[in-house]
Novice: 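Below you'll find the structure I mean.
This one's a predicted model, so the numbers in the text were calculated from it and none came from an experiment. Per chain, numbering begins at 1; letters A, B, ... match sequence-line order.
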Amino acid sequence: EVQLVESGGGLVQPGGSLRLSCAASGFTFSTSTMNWVRQAPGKGLEWVSYISATSSTIYYADSVKGRFTISRDNAKNSLYLLMNSLRAEDTAVYYCARFWGGSYYDPDYYFDYWGQGTLVTVSS
Amino acid sequence: QTVVTQEPSFSVSPGGTVTLTCGLSSGSVSTSYYPSWYQQTPGQAPRTLIYRTNTRSSGVPDRFSGSILGNKAALTITGAQADDESDYYCVLYMGSGISVFGGGTKLTVL
């Protein structure tokens, strides 16, 4: 059974930092592209960041570029999101999600597995 | 900046058919954007419904179908049931690892 379990959320003051983790099991994490997606209270889903299987390719949404850092440890089947200079507008549930890219000859691009999310609240 | 558009809300009667759409602020949606659809109920993680425009994810009932209608991607629910009452999000893949979510459609079944 596939499981993605996020942790590390909590209350942090504006300007502070937080590190989220996502523990993966039930699939081959080391060959999987992973993403972070967030959802502010009462709002829609927003893509945050992308990391390829080998960490060679990383992308960020403009809203977090320069403040957030995505990383992974394939030996530990874990995905991370280091969030610095946090703002009130970063308050959200953060989901980790596997991104399925298909194959070279049969590409596909969608989120196939999702975690349950961890809540980050930025407030003084 | 690319904006993916969805109807904010929609309602359907039980047993009825509803089509939700997913467009672009400028331009047309095609299969090249690999449209995908996700269902989310309050307090729950999203659930993958449709990918690659019209392929149902494992375990998704066949009353859910995806297509391209005109210049938009579409999600059609045929024979809506009470537990289809959810938020529905489309995602378009822009390339270079970037996915853009639509604002979501709140579907009411009544």
Novice: Tell me whether A/Ile70 is reachable from A/Phe68 by hopping between hydrophobic residues (I, L, V, M, F, W, Y) whose side-chain heavy atoms are closer than 4.5 Å.
Specialist: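 Yes: a chain of side-chain contacts under 4.5 Å links A/Phe68 to A/Ile70.
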Novice: If you group Ile, Leu, Val, Met, Phe, Trp and Tyr by side-chain heavy-atom gaps below 4.5 Å, do B/Ile68 and B/Ile50 land in one group?
Specialist: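 No.
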Novice: Could you list every donor-acceptor pair linking chain A to chain B (distance under 3.5 Å, backbone and side chains)?
Specialist:
unit_1   : atom_1 : unit_2  : atom_2 : d
A/Gln39  : OE1    : B/Gln40 : NE2    : 2.8
A/Gln39  : NE2    : B/Gln40 : OE1    : 2.9
A/Gln39  : NE2    : B/Tyr89 : OH     : 3.3
A/Tyr95  : OH     : B/Gln40 : NE2    : 3.3
A/Tyr95  : OH     : B/Gln44 : O      : 3.4
A/Asp106 : OD1    : B/Arg52 : NH1    : 3.3
A/Asp108 : OD1    : B/Arg52 : NE     : 3.2
A/Asp108 : OD2    : B/Arg52 : NE     : 3.2
A/Asp108 : OD2    : B/Arg52 : NH2    : 2.7
A/Phe111 : N      : B/Tyr38 : OH     : 2.9
A/Phe111 : O      : B/Thr48 : OG1    : 2.7
A/Trp114 : NE1    : B/Thr48 : OG1    : 3.4

Novice: Might you point out which heavy atoms bring B/Ala45 and A/Gly115 nearest each other, and give the distance in Å?
Specialist: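 Closest heavy-atom pair between B/Ala45 and A/Gly115: CB-O, 3.1 Å.
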Novice: Among the clusters formed by ILVMFWY side chains lying less than 4.5 Å apart, do B/Val100 and A/Met34 turn up in the same one?
Specialist: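 No; A/Met34 is not reachable from B/Val100 via cluster members.
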Novice: Do B/Ile98 and A/Val64 share a hydrophobic cluster (ILVMFWY, side-chain heavy atoms under 4.5 Å, transitive)?
Specialist: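 Unlinked, B/Ile98 and A/Val64 end up in two clusters.
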Novice: At a heavy-atom separation under 4.5 Å, does A/Val37 approach chain B through its side chain, its backbone, both, or neither?
Specialist: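 The side chain, not the backbone.
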Novice: If you group Ile, Leu, Val, Met, Phe, Trp and Tyr by side-chain heavy-atom gaps below 4.5 Å, do B/Ile77 and B/Leu49 land in one group?
Specialist: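 As far as the 4.5 Å side-chain criterion goes, B/Leu49 and B/Ile77 are connected within one cluster.
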